[in-house]
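As the structure lists them, so they are numbered: ligands from 1, and atoms in each ligand from 1.
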Amino acid sequence: MKIVRTVSEMQQLSKSLQKEGKSIGLVPTMGYLHEGHQKLLREGRQQNDILILSIFLNPLQFGPTEDLDRYPKNEERDIDVAKNENVDIVFMPSVEEIYPSEMSHNISITKRTNILCGKTREGHFEGVVTVLAKLFNVTIPDNAYFGLKDAQQVSVVKAFVDDFNVPVNIVPVATVREEDGLAKSSRNVNLDTREREEAKYLYRALLHGKEFVEQGETDPKIIISAVSQFIIEHTHGKIDYVDLLSYPNLDHISEVTGDMILAVAVKFNGARLIDNVIFNKSGKLLYT
Ligand code: PAF
């Protein structure tokens, strides 16, 4: 396994691999790998000749009051995980390598970001898309793998590659969960014991909402309110949002129709957690 830390080396390597006719899969991450990332790596390993893991804690996607400083890190363990998953190349550049000087262009996003996390995390998705534009240009992947816990990210990134004809296939991968249902996330380690215990109710709340759809409820407001009530009853967390939207367009809907996402964000002292389920109008899950 090769570790590459500079943009120029990575780009040259990818260009020559591409010339040799090798297909390239990229799993972009911010490190502190967990089983969710491992699932992305396994899919990437199966579907490509060359598997690249990028590890870069991207400051551009964190707001001034967000948890950049508290974001967990463990480079050594991440490298071990990469070896175990048969990664070919780990691309782990420094911040200076990725952002050597102030940029003279910025990406502004006009759709899919004025709701859910985009509402409170100003500039977050612009930061995500900016770093991905760089990572795609540097690693030149055929396929890039993204976890559906961040379904809004998947939706925004897919729109970005479609808008700009970026020749990368975006592969969404189902959320990996702990035994009690909590979605795996690097941030979970920042929860205290009580918060960790309560955190399992996020997924249960989503399933509770989905049950309403299965039973024929068509009014999004009733479903959203049932999910909110469930979270309030079972946790001390502060609800950031609960919403039911069309998927992947993320438009508000006045009645249950087509494919939809039921999504929540809840702030605990230790971490702000997000989760979602994506299902059709009969309540059948689309990704498992
Ligand atoms: O999902 C993440 O970990 C990040 O948003 C990503 C895609 C690696 C971009 O920094």
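- In Thr29, the part holding a heavy atom less than 4.0 Å from any atom of ligand 1 is the backbone.
- Not a single N or O atom of Asn58, backbone or side chain, sits closer than 3.5 Å to an N or O atom of ligand 1.
- Within a 6.0 Å radius of CD in Glu20, more than 12 heavy atoms belonging to other residues, nucleotides or ligands are found.
- Side-chain N or O atoms of Ser155 include one that pairs as donor or acceptor with a backbone N or O of Pro248 at under 3.5 Å.
- The Gln61 neighbourhood of ligand 1 comprises atoms 4 (C), 5 (O), 9 (C), 10 (O), with distances under 4.0 Å to a heavy atom of that residue.
- For atom 3 (O) of ligand 1, the closest non-hydrogen atom of the protein is Met30 CG, 3.6 Å.
- Interface of Gln153 with ligand 1, defined as ligand atoms under 4.0 Å from a residue heavy atom, comprises 1 (O), 2 (C), 4 (C), 5 (O), 7 (C).
- A distance of 11.5 Å separates CG in Leu191 from CD in Glu197, rounded to the nearest 0.5 Å.
- Close contacts between ligand 1 and Val131 involve ligand atoms 9 (C), 10 (O) [criterion: under 4.0 Å to a heavy atom].
- For the pair Arg112 and Phe125, the NZ or CZ position fails the cation-pi test of under 6.0 Å to the six-membered ring centre and within 45 degrees of the ring normal.
- Atom NZ of Lys158 has 12 or fewer neighbouring heavy atoms from other residues, nucleotides or ligands inside a 6.0 Å radius.
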